[in-house]
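Below you'll find the structure, written out as structure tokens, and then a few comments.
Because only heavy atoms are used, hydrogens play no part in the values below, and waters and symmetry mates are left out as well, while side chains stay in.
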Number of protein chains: 2
Amino acid sequence: MNIQNVILGFLVEKPMTGYDIKQMMENSVSYFFDASYGAIYPALKRMEKDKLIEKEVVQQEGKPNKNLYVITLEGKKAFQAYMDSPLNPTLIRSDLLMRIFFGRHTNPNKIMEWLNTEKEKAQAQLDNLSLVDKKYPDMERHKKITLLYGIDEAKFTLGWIERELRRLAEEGA
Amino acid sequence: MNIQNVILGFLVEKPMTGYDIKQMMENSVSYFFDASYGAIYPALKRMEKDKLIEKEVVQQEGKPNKNLYVITLEGKKAFQAYMDSPLNPTLIRSDLLMRIFFGRHTNPNKIMEWLNTEKEKAQAQLDNLSLVDKKYPDMERHKKITLLYGIDEAKFTLGWIERELRRLAEEGA
DNA sequence: CGGACCATGTAAGTCGTTACATGATTGC
DNA sequence: GCAATCATGTAACGACTTACATGGTCCG
């Protein structure tokens, strides 16, 4: 999976601008994929050149013009090829776990700080996704599956962090 | 967190070769960080040039020579600087979730295939980590915390996958 | 005698990120 | 008046991965 596959996936569902795509990603897949504008815009250019998508300039009053991208037949085929290709392994890179792993070379307070930082993030994630879930009760089946996964995962992470914090507090006492 | 920080962390604990470091990573932090030889060896060279580590060539009989790397005082300081720097956010990139997200553009069988592929991986992860846990009962505290996290996470993933598989089977029936 | 393990390295390519650059409107 | 939102883009750089290259020992 790369940025191109993801963009194709969104454009299969409806035409969008680079800006739209970024917004979409942020409030739907951000907890398992993210991309910057610096990745999205060049990708769109490349894909247009490769005839996977077509640009349609939309004039707007009081706003800058938009480049609305529409997927082509070739683009749809490329997306299908991605969906038919072998599954790529999940990538995880956790600075928190790495630091805990080397935790004996720091003081316990720092570990608690890290855990608290991460706890807030997990809580924010949980709140945000729960809100999305409430806001769109008729969400498409598959999108809902991943959303619920995100919620479950945030709860799992939160639970783990809280248990660790409690343990560290007890040991410190 | 980058490869250099991680290498420094290992070398703080004891001198190692590039090969050792790779082995270590594979059976301790591989479920939240991984690196290839193509990343490790160049990093070691760079770090030696930067005086963070020193090379000691070890002659061996019947085996190729080893480059054993020892951390310097400067290296230890660099590691401490890393441990004192702000925590970096966890990075997750899940092809499985992305494909499920776009799952309505494929057939249900494919989704079950993906889930089964991932289930086997999670099971292998769980078995492997459980074995490590059993094998080293006196593991250093912090390393054990991350190991137990890995075990819990694998169980969580496994549970989720199994629930989804059951749901899909029921709906398909 | 073949595969697994030990051991190190480079070159080319991929795929991004960060920072910079621009500029209008809307709401507080 | 200032921040946020809308909207697009580039240049420099970073941080890898993959494939290639080499070669010895140990075990079944």
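Side-chain atoms of A/R99 and B/T146 include no donor-acceptor pair closer than 3.5 Å. Side-chain polar atoms of A/D127 and A/S130 form no donor-acceptor pair below 3.5 angstrom.
Between A/Y82 and A/F79, the angle of the ring planes lies from 30° to 60°, which puts this pair in the tilted group. Under the 30°/60° scheme for interplanar angles, the aromatic rings of A/H105 and A/F102 are found to be tilted.
Rounded to whole Å, atom P of C/dT8 lies 9 Å from atom CG of B/L44. Going from atom CZ of B/R46 over to atom P of C/dG9 covers 14 Å, rounded to whole Å. Rounded to whole angstrom, the span from the CE atom of B/M47 across to the P atom of C/dT8 amounts to 15 Å. Rounding to whole angstrom units, CD of residue B/E48 and C1' of C/dT8 are separated by 13 Å. When rounded to the nearest whole Å, the span between CG of A/L68 and C1' of D/dC6 equals 14 Å. Atom NZ of B/K66 is separated from atom C1' of C/dG9 by 17 Å (rounded to the nearest Å).
Remark: nothing in residues 17-27 of chain A comes within less than 4.0 Å of DNA chain C through any heavy atom.
Here the side chains of B/D152 and A/W160 are in contact, with some heavy-atom distance below 4.5 Å. Side-chain atoms of B/P15 and B/E56, non-hydrogen and from C-beta on, never get closer than 4.5 Å to each other. With a 4.5 Å cut-off on side-chain heavy atoms, B/I100 and B/L115 count as touching.
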Practice problem: Sugar-phosphate means primed atoms, P, OP1 and OP2; the rest is base. With that split, encode nucleotides 14-21 of chain C 5' to 3' as B, S or - using protein heavy atoms under 4.0 Å. | Solution: --SBB---
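Side-chain N/O atoms of B/N67 include one lying less than 4.0 angstrom from OP1 or OP2 on C/dG9. In this model, the phosphate group of C/dA7 is approached by a side-chain N or O of B/Q60 to a distance below 4.0 Å at OP1 or OP2. Phosphate contact (OP1/OP2 of D/dT8, side-chain N/O of A/K45, threshold under 4.0 Å): absent.
Salt-bridge formation is detected for the pair A/R167/A/E164: a Lys NZ or Arg NE/NH1/NH2 atom is positioned less than 4.0 Å from an Asp or Glu carboxylate oxygen.
Every residue was checked against the ring pair (Phe, Tyr, Trp, His ring centres under 6.0 Å) condition with B/Y31, not counting sequence neighbours, and none meets it.
Distance from the side chain of B/Y41 is smallest for C/dA7 among the nucleotides D/dT10, D/dT8, C/dA7.
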